[in-house]
Amino acid sequence: MRANLVLLPGDGIGPEIVAEAEKVLRHIASEHGHDFEFTTGEIGGCAIDAYGDPLPDKTLDPCRNADGILLGAVGGPKWDDPNAKTRPEVGLLKIRKELGLFANLRPIKPYSALIDASPLKRSIIEGVDILFVRELTGGIYFGASRTEQIDGEEAATNEMTYRVSEVERVVRVAARAAQTRRQHLTSVDKANVLEVSRLWRRTAKSVVDKEFSELNYDVVLVDAMAMHLISRPRDFDVVVTGNLFGDILTDEGSMLPGSLGLLPSASLGEDGPGLYEPIHGSAPDIAGKGIANPLATILAAAMMLRHSLGLQTEADQIDAAVEKVLNDGHRTKDIAAGGSAINTTQMGEEVLKAL
Ligand code: NAD
Ligand code: IPM
Ligand code: MN
């Protein structure tokens, strides 16, 4: 297969972890006789530094024609000035919006070798297998915003809006995923307080009733979900929710496997290329030290092979290699539970050896 892949390393640990995922992709290509062509582009803070724009057309245009896009992370203290003209995160939101990537798949499945690396008890996390489907191009992230004077003091507003069609399409993605899994779909909202959540709830139920009535469907309020996620995570299969709630719940969910450095994601639209990235950020506290865990990004590369290129066998091989490396006891610092740890490149090398 010929594939045109765009790498967007970004900021902080982004370049360190994408480098390891790139090696894995090149290895897969040579083992299976694929022709992967790589293009690298700037997004986020490094693009602000180079072009004054967190997502210049020079980066976005090749992405539109790509078969898949692999992103590291954006952001960092260097670009955090609240008075700055633009921010790294604007580039990430723009690429998601421009490419129509409304469904963000975030699987959470603890590794048996790491059960004791999680802050949660073995009895809680054993057997957990959740797929979060986070709406990614709507809600409060993309609503109108303003800062203004109200009664003589400064006030700021962000609006949270969902249209019926935006809820329908993401619920369909989640429901189709549930059909291939354990037939259980949970929708998470805040319908006891928010008008926008009441529309979300009505719409989600109507899609399920009309098109997926065979599914076991339930609804949970987001505050309760934050608790259920760590008290009875085994009870969930596919969870669909809005942009902000999905962002927060999945960082919380990363404590089930034990580290943000283990969770990949796929951002998908109706057609066109998917964007694949770890769910974590640029980790400024460890950037440049060479100790970041590259596994989330390597697993994101596997998701790219599976979802955008249809290379199921190759994706399974990467997943199995990661599992083997962990079974063999290799640990980066974030999952070492105080024990001895290897660095980012060594972890990448172990995955290559396991492949
Ligand atoms: P973060 O996810 O970068 O880091 C949170 C904690 O997790 C840190 O202690 C970090 O060291 C650790 N961590 C994250 N990834 C790790 C990895 N691969 N290996 C080992 N440890 C890891 O979140 P933050 O510190 O709140 O945000 C830092 C910056 O990243 C901010 O500018 C934020 O906007 C940005 N961010 C970007 C993305 C993205 O690009 N998709 C996602 C989240 C945050
Ligand atoms: C994520 C990140 C982003 C988000 C930020 C950096 C814009 O936290 O991908 O989870 O909130 O979507
Ligand atoms: Mn996040």
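First listed ligand is number 1; within each ligand, the first listed atom is number 1.
Contacts between D334 and ligand 1 below 4.0 angstrom, taking non-hydrogen atoms only, involve the side chain exclusively. If you look at I17 next to ligand 1, there are no close heavy atoms at all, none under 4.0 Å. At a heavy-atom distance under 4.0 Å, atoms from both the backbone and the side chain of V74 approach ligand 1. Counting heavy atoms under 4.0 Å from ligand 1, residue K333 does not touch it at all. Contacts with ligand 1 closer than 4.0 Å are made by side-chain heavy atoms of P284 only, the backbone lying farther away. Counting heavy atoms closer than 4.0 Å to ligand 1, residue T332 contributes nothing at all.
Side-chain contact between V18 and L8 is absent, with no heavy atoms from C-beta onward closer than 4.5 Å. Taking the side chain as every heavy atom from C-beta outward, Q149 and E154 approach each other to under 4.5 Å.
Under 4.0 Å is where a charged nitrogen must lie from a carboxylate oxygen, and between E98 and R64 at least one such pair does. With respect to R234 and D129, no salt bridge is recorded, no charged nitrogen being found less than 4.0 Å from a carboxylate O.
Across A302 and A315, no two heavy atoms sit closer than the pair O-CB, 3.3 Å. Closest non-hydrogen pair, L55 versus I95, comes out as CD2-N, 3.5 Å. Between P233 and L256, the closest heavy-atom pair is CG-CD2, 3.8 Å.
The aromatic rings of H228 and F236 are tilted relative to each other, their planes meeting at an angle between 30° and 60°.
Residue-to-ligand polar distances place R134 within reach of ligand 2: an N/O pair is separated by less than 3.5 Å. Taking only nitrogen or oxygen atoms, main chain and side chain alike, I279 does not reach within less than 3.5 Å of ligand 1. For the pair Y141 and ligand 2, the shortest N or O to N or O distance falls below 3.5 Å. Remark: ligand 2 and E277 share no N or O pair separated by less than 3.5 Å (distance only, no angle test). For ligand 1, the polar-atom distance check finds no N/O of R96 at less than 3.5 Å from any of the ligand's N/O atoms.
The heavy atom nearest to atom 12 (O) of ligand 2, considering only E89, R87, R96, H280, is found in R96. Closest heavy-atom approach to atom 29 (C) of ligand 1 among the candidates A287, S282, G10: S282.
A cation-pi geometry, defined here as NZ or CZ lying under 6.0 Å from the six-membered ring centre and within 45° of its normal, does not hold between R201 and Y217.
Annotation: atom 44 (C) of ligand 1 to nearest protein heavy atom, G281 CA, 3.3 Å. Protein heavy atom at the shortest distance from atom 8 (O) of ligand 2 is D247 OD1, 3.3 Å. Residue, atom and distance of the protein heavy atom nearest to atom 11 (O) of ligand 1 are D285 OD1, 2.7 Å. Atom 1 (C) of ligand 2 has as its closest protein heavy atom R106 NH2, 3.5 Å.
Taking the Mn ion (ligand 3) as reference, D247 places its N/O/S atom OD1 nearest.
Distances below 4.0 Å separate heavy atoms of I286 from the following atoms of ligand 1: 11 (O), 20 (C), 21 (N). The distance from ligand 1 to the heavy atoms of L92 drops below 4.0 Å at these ligand atoms: 39 (C), 40 (O), 41 (N). Close approach of ligand 1 to A73 (heavy-atom distance below 4.0 Å) involves ligand atoms 40 (O). Close approach of ligand 1 to L260 is summarised as follows: ligand atoms under 4.0 Å from at least one heavy atom of the residue are 2 (O), 5 (C), 7 (O).
Judged purely by distance below 3.5 Å, without hydrogens or angles, the side chains of Y51 and E42 pair a donor atom with an acceptor atom.
Between the side chain of T297 and the backbone N or O of P278, no donor-acceptor pair lies under 3.5 Å.
Checked against R172 for a salt bridge (charged side-chain N to carboxylate O under 4.0 Å, His left out), the options E135, E166, E270, E211 give a single hit: E211.
Less than 4.0 angstrom separates atom 26 (O) of ligand 1 from none of the non-hydrogen atoms of the protein.
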